[in-house]
**Student:** 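Following this message is one structure expressed as structure tokens.
When reading the values below, keep in mind they use all heavy atoms of this one structure, side chains included, and skip hydrogens, waters and symmetry mates. Numbering of ligands and ligand atoms starts at 1, following listing order.
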Amino acid sequence: MNTLKLGWVGLGNMGNPMVMNLLKAGFEVTVFNRTKDKEAPLIQAGATTANSLKELMEKCDVVITMLSNDDAVKEVFESQTGLLSKEFLGKTIINMSTVSPETSRYLASSCNTHQVHFIDAPVSGSVKPAQDGTLVILVGSAIADYELAKPIFDALGKVAIHVGNAGVASSAKLAINFLLGLNLQGLAETVLFAENNGVSKEDMLNIINAGACGNGITNIKAHSILNDSYPAAFALKHLVKDLRLAKEAGLDSPLIHPLFNSYATAEKEGLGDQDVMAILSSLKKKH
Ligand code: NAP
């Protein structure tokens, strides 16, 4: 039994399986989600609920947020009944959502004003690693705070890499998602080029995944490409957000601009709530 009392805000595609793993590891977890009915499966699995974010802070030692974007996270921290609605001496908040490095530094400073420790801890890995407890966790915080949170990270991921202070982990997350976007854009373009020249997508995916160009993500996405079905594990709109944040954080390389435009176009075409691999559907229409 882990003695830290945990609170969790945000039960979307990632939050739900992550909380399940904390419960399995023996943590006492209180959950809070804007859409209340998403709490039901976790309450059935042993979690409790709180009536407000303020109550969550009062009940818990450590509160973790896993929310869509910068605005959602700021709202949850700063609203009148939010996580920072008063001073909470010695408590810790861990933000695992992907937000800008600037927002992470801002949240660290707001927490400091409210006597709360802050850990910037975005994750690399999607729903399957979240379910399997094999996420890669990028940590920006004081070392003592990282050490306090280590048992939590051990239940959620295969490794937690401390990269510096708050903000640095968010920069690392934007960098790895740039590579993710490049990988999936490249995979989609390759499969479509091959198909247009008489190579079946089955054969092309086998060629990719049997050779040195195959990797974890090309393997994971093969199934959805073969079925031409893209239910969201990582929603395309979230990658558009991450590429936009990377640009705003100074990424100005030859590939970022066409890459951002490609995913942003797919979002405008109505694919934002589909999985990021739906970039292939968008490109298929054009080529
Ligand atoms: P998601 O399925 O879209 O869930 C978003 C969560 O945020 C939901 O619980 C939603 O509440 C809540 N939310 C949104 N706006 C809110 C607001 N204004 N106030 C309160 N709650 C709000 O997202 P996800 O896929 O779990 O991703 C969460 C974060 O992790 C994102 O930053 C994403 O970029 C990052 N991430 C995702 C993946 C992935 O593969 N999915 C991988 C790594 C990192 P409702 O239920 O009420 O809508």
Side-chain angles (χ1 to χ4, degrees), residues 7-21 31-42 47 49-50 52-54 56 63-85 93-101 103-104 107 120-139 156-158 160 169-170 172-181 183-184 216-217 220-221 224 230-246 263 267 271-279:
W8 191 283
V9 193
L11 299 172
N13 290 324
M14 295 296 282
N16 182 305
M18 291 169 83
V19 172
M20 284 291 184
N21 282 331
V31 292
F32 183 94
N33 198 61
R34 181 179 61 177
T35 307
K36 280 302 185 190
D37 52 4
K38 289 194 194 164
E39 294 177 357
L42 295 157
T49 182
S52 68
L53 293 163
K54 194 171 167 202
L56 195 69
V63 170
I64 301 155
T65 50
M66 193 52 164
L67 300 157
S68 312
N69 53 34
D70 297 52
D71 287 346
V73 175
K74 282 185 181 165
E75 192 181 324
V76 161
F77 274 59
E78 295 183 329
S79 74
Q80 252 185 4
T81 55
L83 298 178
L84 297 180
S85 50
I93 303 180
I94 308 175
N95 178 47
M96 303 192 86
S97 333
T98 306
V99 298
S100 72
T103 293
S104 287
L107 295 174
D120 172 23
V123 302
S124 177
S126 190
V127 170
K128 182 74 169 65
Q131 288 166 339
D132 296 345
T134 56
L135 292 165
V136 175
I137 302 169
L138 321 175
V139 189
L156 298 174
K158 63 179 168 192
S170 290
K173 172 62 187 168
L174 297 183
I176 193 67
N177 271 21
F178 173 49
L179 184 59
L180 172 71
N183 261 284
L184 297 186
I217 199 71
I220 287 171
K221 297 301 179 191
S224 58
Y230 305 102
F234 179 40
L236 189 142
K237 65 183 176 190
H238 290 324
L239 184 64
V240 175
K241 166 204 49 142
D242 297 347
L243 295 175
R244 180 177 46 76
L245 293 177
Y263 284 101
E267 187 183 21
L271 296 171
D273 287 321
Q274 297 270 298
D275 188 63
V276 70
M277 197 65 242
I279 189 64

**Student:** Would you compute the distance between atom CD1 of Ile279 and atom OH of Tyr263 and round it to the nearest 0.5 angstrom?
**Tutor:**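 Going from CD1 on Ile279 over to OH on Tyr263, the span is 5.5 Å.
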**Student:** Output all residues satisfying side-chain hydrogen bond (donor to acceptor under 3.5 Å, both in side chains) with Gln274, sequence neighbours left out; order by chain, then residue number.
**Tutor:**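 Testing Gln274 for side-chain hydrogen bond (donor to acceptor under 3.5 Å, both in side chains), a comparison that skips the adjacent residues, returns none.
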**Student:** Just jot down the side-chain hydrogen bond (donor to acceptor under 3.5 Å, both in side chains) partners of Thr98, sequence neighbours excluded, or say none.
**Tutor:** none
**Student:** Show, in sequence, the C-alpha distance, side-chain angles and deciding distance for Ile93 and Leu84, and conclude whether the side chain to side chain contact (heavy atoms under 4.5 Å, CB included) test is met.
**Tutor:** CA-CA 10 Å; Ile93 303 180; Leu84 297 180; 4.0 Å; yes
**Student:** Under 4.0 Å between a Lys/Arg side-chain N and an Asp/Glu carboxylate O for Lys158 and Asp132?
**Tutor:** no
**Student:** Using a 4.0 angstrom limit on heavy atoms, which residues are close to ligand 1?
**Tutor:** Gly10, Leu11, Gly12, Asn13, Met14, Asn33, Arg34, Thr35, Lys38, Met66, Leu67, Ser68, Ala72, Glu75, Val76, Ser97, Thr98, Val123, Gly125, Ser126, Lys173, Ala233, Phe234, His238, Lys241
**Student:** Going by salt bridge (charged side-chain N to carboxylate O under 4.0 Å, His left out), name the pairs with one or both residues in residues 234-244, residues two or more places apart or in two chains.
**Tutor:** Lys237-Asp273, Arg244-Glu248
